[in-house]
Amino acid sequence: MPSPVNRTLPWAVPGPILGIESSCDETAVAVLNADGHILAEAVLSQERHHAPYGGVVPEIAARAHLAHLPVLTRDVLTRASLEISALGAVAASAGPGLIGGLIVGSQFAKGLVIARGLSYVAVNHLEAHALTARLPGLVEGGAPFPYLLLLVSGGHCQCVAVEGVGRYRRLGATVDDAAGEAFDKVGKLLGLGWPGGPALERLASGGDPRRFAFPRPMLGRQGCDFSFSGLKTAVAQTVARLPAGAMPIQLAADIAAGFQAAVTDVLADRVSHAMAMMRGTASLLVVAGGVAANQAVRGALNRAATAHGFRLVAPPIRLCTDNAVMVAWAGLERLRLGLADGIDFAPRPRWPLEALAP
Ligand code: KG4
Ligand code: ZN
């Protein structure tokens, strides 16, 4: 087990912090000053490396992180007008995620830490998403604890009560596919390539969401768990029943719109249940993850939040999807509590938020 060090409070953050993200297929680096203001950031999506395979290939991802991290770091530091020697700390995603990429990012961070005698933070990637809303200036009036987080990405779909740094209570999660995964699988069925989400949203904008009545799994069910595999199967069966040959564009658009409407209804319903579970303790609903880029999803969540007396906080899309600003910020939040890590911290492919509890 890694050993948190420096637990004396208050703990001054010793200068700017470099954040490193390499848990999946985005290579990202950012530098924030000790107050949390962004000095420079860079994200390099590896989408084109993985698209021919229809999904992320772990080995390719790890090699790409290895190739790009030094270049991005140099670029970010140059744009921030900082020498490495001016840094005070380095934070790197240490899990959950693809272990090859996590090892590359963590070792890169530890190299800088050892060479320059910096503080090191092994950041939980999910905690980084969870704390993004607290970046200075992002939410008017700030985002005090507790608040509700809906994390909807290609790998995660969960409602989390964010009660403090390191203090998370999972209220519900998907029992099968993540929402983004469902978008990607249906995108593939419609011949949209990978990742499916953005292309499917564009296609759906010209479609009739009422032509196909796809199921809304879990709708109205107690709690706030999610399920998307039945919906994906229903779309697959609809596609399989179509006459052979190229699918007419309007038909594809109607299927896309029907699918997106079903996902949107399910997300709004499950989050409504989660808001009811936090009624009286929280009034902020924060959404994170790639699916939060979807305008129909944002609209439905906004309406649900208003109906429950919550305010929806949807960070700018570049901060919803994987990025290093959130990693550096989570590092700062932890450092402020004296929660630095030892360089013996081993990256973890699985690392649930609940495991962060003190
Ligand atoms: O958070 P993210 O960039 O990476 C992780 O999965 O960690 O999320 C990517 C996921 C993909 O499944 C992608 O299809 C989905 O988010 N996505 C979208 C949209 N943009 C990205 N899904 C629906 N509508 C979108 N506009
Ligand atoms: Zn993520």
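Scope of the values below: all heavy atoms of this structure, side chains included, with no hydrogens, waters or symmetry mates.
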Parallel under 30°, tilted from 30 to 60°, perpendicular over 60°: which one fits the rings of Phe145 and Tyr147? parallel
Take atom CZ of Arg216 as the centre, draw a 6.0 Å sphere, and report whether it contains more than 12 heavy atoms from other residues, nucleotides or ligands. yes
Closest contact, heavy atoms only, Leu149 versus Ala288: CD1-CB, 4.1 Å
Using every non-hydrogen atom in the two residues, find where Ser93 and Ser22 come nearest and quote the distance to one decimal. CB-N, 4.5 Å
For the backbone of Ala89 and the side chain of Arg116, can you confirm whether one donor and one acceptor N or O come within less than 3.5 Å of each other? no
Mind checking the CG-CD1 spacing from Asn323 to Ile317? Nearest 0.5 Å is all I need. 12.5 Å
Taking ring pair (Phe, Tyr, Trp, His ring centres under 6.0 Å) as the test, write out the residues that go with His65, two or more places apart. none
Short side-chain to backbone donor-acceptor contact, His273 and Gly223, under 3.5 Å: yes
Could Lys185 and Asp177 be called an ion pair, given the rule that one side-chain N must be under 4.0 Å from one carboxylate O? yes
With clusters defined by side-chain heavy atoms of hydrophobic residues (ILVMFWY) lying less than 4.5 Å apart, directly or transitively, does Leu18 cluster with Leu82? yes
Under the 3.5 angstrom rule, does the side chain of Asp254 hit a backbone N or O of Arg211 as a donor-acceptor pair? no
For Phe108, all residues meeting ring pair (Phe, Tyr, Trp, His ring centres under 6.0 Å), sequence neighbours excluded: none
Separation between CD1 of Ile255 and CE of Met247, rounded to the nearest 0.5 Å: 5.0 Å
If you compare all heavy atoms of Ala282 against all heavy atoms of Phe310, which two are closest, and at what distance to 0.1 Å? O-CZ, 3.2 Å
Interatomic spacing from CH2 in Trp329 to CG in Leu135 - rounded to 0.5 Å: 6.0 Å
Validation row: Val266, Leu231 side chains within 4.5 angstrom (heavy atoms): no
SG/Cys159 to CG/Leu151 distance, rounded to the nearest 0.5 angstrom? 9.5 Å
Between Lys110 and Asp344, which heavy-atom pair has the shortest distance, and what is it? NZ-C, 4.5 Å
Given side chains that start at C-beta, do those of Glu181 and Thr174 come closer than 4.5 Å, heavy atoms only? no
When you look at Asp25 and His49, which way does the side-chain hydrogen bond (donor to acceptor under 3.5 Å, both in side chains) test go after all the steps? CA-CA 9 Å; Asp25 63 334; His49 296 297; over 6 Å; no
Which class fits the ring pair Phe183 and Phe259: parallel under 30°, tilted 30 to 60°, perpendicular over 60°? perpendicular
Linked hydrophobic residues, Met218 as query - side chain contacts closer than 4.5 Å: Val175
Straight-line distance of Asp341 CG to Ser106 OG, nearest 0.5 Å: 10.0 Å
Salt-bridge present (Arg79, Asp75; N to O < 4.0 Å): yes
Heavy atoms of Ala109 and Tyr120 approach each other most closely as CB-CE1, 4.1 Å
Can you tell if the side chain of Glu333 reaches within under 4.5 Å of the side chain of Glu127, non-hydrogen atoms only? no
Testing the basics here: between Pro347 and Leu102, what is the closest heavy-atom pair and its distance to 0.1 Å? CB-CB, 3.8 Å
I need the Gln260 CD to Leu203 CG distance, nearest 0.5 Å. 9.5 Å
